[in-house]
Amino acid sequence: MKLLDKEFEKYISELEIAERVSELAEEISENYANDEVLILSVLNGAFIFTADLIRNLQCDYQLVFVFANSYDGMESSGEVKTCYTFGRKLLQGKRVLILEDIIDTGNTLKYLLSEIHQQKPQGIEIASLLLKPDAYKLDKKIRFVGFNIPNDFVVGYGMDYNESGRNLKDIYILKHQK
Ligand code: IMP
Ligand code: MG
């Protein structure tokens, strides 16, 4: 499958994603069974994961969004920009669950964690559909992980390559040139 100038191949199917997302929703619902959770969804990439996950949740939750951007093409630019769509004071005293599409170096997460900590939440946990463990550099454990993947570029299910491919139902991985 060609997207812009790159060849990708199917990596995780729509069905596998749906099954894993519903398992994650079950784990998350159990974890927050006795307390409301404030879900902080990280846009743009996490919008489809968020929509599917919350429809499987069985716990009380509040949902808010933050835009975060650090990627330029296939490389993390290192510089993170965030834009909150709500008053950040809302985070105070809450059990916050950050929802990410994919965690690579952890650079975006590190930045978000420091901003959220300033609001003194009761706790912060992270759920990410995908994690690249070989690239991840932080000590903070990712509590809920959908799939561990190799250090390769992926698209689909909300994730983009230069704004293309977000609408793909399956997740695709960059094909290595032979
Ligand atoms: P990090 O800051 O290096 O952890 O990268 C996190 C963000 O970069 C993710 O939330 C994605 O938006 C984007 N990203 C990282 N890896 C990929 C990828 O393989 N495909 C698409 N986007 C990615
Ligand atoms: Mg993201």
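Remember, it's a predicted structure, so these values are computed and weren't measured experimentally. Ligands are counted one by one from 1 in listed order, and the atoms in each one are counted from 1 as well.
Put simply, no part of Leu130 is less than 4.0 Å from ligand 1, judged by heavy atoms. Within the structure, ligand 1 has Lys132 among the residues with a heavy atom less than 4.0 angstrom away. Ligand 1 lies less than 4.0 angstrom from a heavy atom belonging to Asp101.
Every atom of ligand 1 with a heavy atom of Ile102 under 4.0 Å away is listed here by number and element: 6 (C), 9 (C), 10 (O), 11 (C), 14 (N), 15 (C), 16 (N), 17 (C), 18 (C), 19 (O), 23 (C). Each of the following atoms of ligand 1 lies closer than 4.0 Å to a heavy atom of Glu100: 10 (O). Ligand-side atoms of ligand 1 in range of Asp160: 21 (C), range being under 4.0 angstrom from any heavy atom.
Between Lys81 and Glu115 no salt bridge is recorded (no basic side-chain N to carboxylate O distance below 4.0 Å).
Without hydrogens or angle criteria, Ser164 side chain to Leu3 main chain gives no donor-acceptor distance under 3.5 Å. In terms of modelled atom types and a separation under 3.5 Å, the side chain of Asp160 and the main chain of Gly165 share no donor-acceptor contact. Side chain of Lys120 to backbone of Gly93: no donor-acceptor contact under 3.5 angstrom is found.
Selection from Ile171, Asp152, Thr108, Ile149 by nearest heavy atom to atom 2 (O) of ligand 1 gives Thr108. In the candidate list Val80, Asp104, Leu43, Asp104 is nearest to atom 5 (O) of ligand 1, counting heavy atoms. Of all the listed residues (Asn69, Ile173, Asn162, Thr105), Thr105 holds the heavy atom that lies closest to atom 1 (P) of ligand 1.
A 6.0 Å sphere centred on CD of Gln122 holds more than 12 heavy atoms belonging to other residues, nucleotides or ligands. For Asp134, the CG atom is densely surrounded, since the number of other residues' heavy atoms within 6.0 Å is greater than 12.
Considering backbone and side-chain atoms alike, Met159 places every N or O at 3.5 Å or more from each N or O of ligand 1. Polar contact check, Val155 against ligand 1: no nitrogen or oxygen pair lies under 3.5 Å apart.
The aromatic rings of Tyr161 and Phe153 sit perpendicular to each other, their planes meeting at more than 60°, with 30° as the lower class boundary.
Distance CD1/Ile17 to CZ/Phe147: 6.5 Å, rounded to 0.5 Å.
Residue Asp101 approaches the Mg ion (ligand 2) most closely through its N/O/S atom OD1.
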